[in-house]
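Numbering of ligands and ligand atoms starts at 1, following listing order.
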Amino acid sequence: MTTEAIPFVDLVTPHRELENDLVEVFRTAIRSAAFVGGKEVDAFESEFAAYCGSAHCVGVANGTDAVRFALMAAGVGRGDAVVTVAHTFIATVEAISQAGAETEFVDIDSRTYCMSPQVLEEYLADCAKDPVSGRPLGRRTGKPIKAIVPVHLYGQIADMDAILSIASRFDLLVVEDACQAHGARYKSATDGEWRRAGTFGAAAAFSFYPGKNLGACGEGGAVTTNDEKVAARIRMLRDHGQARKYYHDLEGYNGRLDAIQAGFLRVKLRHLDAWNDQRRAAAARYNDLLSGVTDLVTPFEPDTSKSVYHLYVVRNPQRDQLAEHLKTLGVSTGLHYPLPVHLQNCYRDWGYRPGALPVTERAAAEILSLPMFPGLAADQQQRVADAVESWRLVAQVD
Ligand SMILES: Cc1ncc(COP(=O)(O)O)c(C=O)c1O
């Protein structure tokens, strides 16, 4: 058994195993001089759309652009409010602002850490109605709410049956933030089918940041949608608003996916299911190993969900001491995320105060992400579990 430090994530080994195929991607790009857009991007888009089970995929520069373009193309913009969660990476909210809209936060479910449909429903039911559109008016912003952005956090799909049914009752669009959930599945009660992230809303955003379950060789993102018009608009938005070179029908952005990223992603997409299976097996092993540890809450996976464990997140009220203890034993951990978005300095003018989102705030204070990556070995997991167990003994003595 090794006593080496256990990293939080290992991005070296999977790339070393694919080195020849990945180097070939560079060779092809250099020899064809097709660097931006082109055949590789088209091929990746078709393959990722097919993988998700979506009609269209449009590659973009990163996940933040994916959320922003998805909202804009679905019709969200200036004067609109969007409901989302504060227990997410800030990019979800940046993208809403960058689309020209304003954010309204609702709390999360304490077990899944995703948007709570109950809280969402109560929130919307209590809003005043816009006399023109009939839509609920955001309680903070006073703006008519146009869309909901559920975040499939840590690799687990939010409760989409409930969220879609609420959205349809209040006539709201749904845009999925699937940036952490490549390949995650959810079983809808309406048809009993298991469907992948990226197929539930008007559009869905993915990030291919290197540490994601499907990561590029730098930055990358994509939007999936079943709506050809939404896809066509995103193709324009990502490319300076042009559908024909130098004829700009709208003001767009430089938000394209480049060919090397697409080629890289094509090679790695073939391994995504196997890697996700390894993550799921590692999560099951952690669940077993940690089941006896008092005061440690392991992740909750509803029967209708197959998480892809982008992160394996436990919780404990003494999270900081536990993290410190693990560090001294060579176990790296992460915090996703220590300060919820509604309490970030950059949004202090929005007027949210501590206590505004109690479930979110408590989670932020207690969560701890343990090492999780494909290839995490059973003996490494045993060492993590032993380290957690030894902390419990120390904590009891204190
Ligand atoms: C939930 C969520 N949304 C959006 C993003 C933004 O993606 P990117 O970093 O590719 O812009 C991320 C990436 O970290 C994320 O985790």
Side-chain angles (χ1 to χ4, degrees), residues 8-9 11 44 48 57-72 76 82-99 101 103 105-106 108 112-115 147-158 160 163 174-184 197-198 200-201 203-224 234 237-238 253-258 261-262 264-265 268 279 307-313 334-342 344 346 360 363-364 367 369 372-373:
F8 179 61
V9 60
L11 290 184
F44 172 69
F48 194 63
C57 166
V58 185
V60 298
N62 53 65
T64 314
D65 274 1
V67 182
R68 168 170 55 167
F69 296 161
L71 285 166
M72 293 174 84
V76 175
V82 173
V83 182
T84 192
V85 288
H87 189 59
T88 181
F89 182 54
I90 193 169
T92 312
V93 181
E94 289 172 327
I96 294 170
S97 303
Q98 290 164 6
T103 298
F105 290 115
V106 291
I108 54 167
T112 64
Y113 306 111
C114 292
M115 179 180 280
I148 304 168
V149 178
V151 180
H152 303 328
L153 204 70
Y154 305 153
Q156 175 144 279
I157 297 184
M160 292 312 291
I163 291 170
V174 174
V175 169
E176 298 164 71
D177 182 337
C179 286
Q180 299 188 5
H182 319 71
F200 294 93
F206 290 87
S207 163
F208 303 125
Y209 189 73
K212 297 289 197 271
N213 289 31
L214 180 62
C217 176
E219 305 281 350
V223 180
T224 55
I234 295 170
L237 282 169
R238 74 175 173 182
Y253 301 82
N254 178 353
R256 295 167 300 226
L257 181 68
D258 71 56
Q261 303 308 339
F264 220 75
L265 290 165
K268 292 178 71 179
R279 287 173 183 272
S307 170
V308 289
Y309 290 94
H310 172 56
L311 295 167
Y312 183 89
V313 178
L335 293 182
H336 303 89
Y337 299 88
L339 183 66
V341 182
H342 69 296
Q344 293 289 346
C346 59
T360 292
I367 43 163
S369 310
M372 170 54 79
F373 48 88

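- Residues Tyr113 and Ile367 are in side-chain contact: their nearest non-hydrogen atoms beyond the backbone lie under 4.5 Å apart.
- Across all non-hydrogen atoms, the minimal contact from Gln98 to Tyr253 is O-OH, 4.3 Å.
- On a distance-only criterion, Gly63 and ligand 1 share at least one N/O pair closer than 3.5 Å.
- The shortest side-chain heavy-atom distance between Phe208 and Phe264 does not fall under the 4.5 Å cut-off.
- The protein heavy-atom contact nearest to atom 15 (C) of ligand 1 is Cys179 CB, 3.6 Å.
- Of the protein's non-hydrogen atoms, the one nearest atom 9 (O) of ligand 1 is Ser207 OG, 4.1 Å.
- Counting only heavy atoms of the protein, atom 11 (O) of ligand 1 lies nearest to Thr64 OG1, 2.5 Å.
- Each of the following atoms of ligand 1 lies closer than 4.0 Å to a heavy atom of Val151: 1 (C).
- At a heavy-atom distance under 4.0 Å, only side-chain atoms of Thr88, from C-beta outward, approach ligand 1.
- Assignment of Lys212 to the shell around ligand 1 is supported, since a heavy atom sits closer than 4.0 Å.
- Pairing each heavy atom of Phe8 with each of His336, the nearest pair is CZ-CE1, 3.5 Å.
- Of the heavy atoms in Leu153, none comes closer than 4.0 Å to ligand 1.
- If you number the atoms of ligand 1 from 1 as listed, the ones under 4.0 Å from a heavy atom of Gln180 come out as 1 (C), 16 (O).
- Nearest heavy atom pair, residue Gln180 against residue Tyr154, reads OE1-N, 2.8 Å.
- Close approach of ligand 1 to Thr92 is summarised as follows: ligand atoms under 4.0 Å from at least one heavy atom of the residue are 3 (N).
- Judged by distance alone, the side chain of Glu176 and the main-chain N or O of Gly201 form a donor-acceptor pair under 3.5 Å.
- The minimum heavy-atom distance between Val308 and Asn213, with the atom names listed, is O-ND2, 3.0 Å.
- If you number the atoms of ligand 1 from 1 as listed, the ones under 4.0 Å from a heavy atom of Ala91 come out as 4 (C), 5 (C), 6 (C).
- Residues passing the side chain to side chain donor-acceptor pair (under 3.5 Å) test with Arg238, sequence neighbours excluded: Glu45.
- The shortest contact between atom 3 (N) of ligand 1 and any protein heavy atom is with Asp177 OD2, 2.7 Å.
- Open room surrounds OH on Tyr209; 12 or fewer heavy atoms of other groups in view lie less than 6.0 Å from it.
- Considering both main-chain and side-chain atoms, Glu219 never comes within under 3.5 Å of ligand 1 through any nitrogen or oxygen pair.
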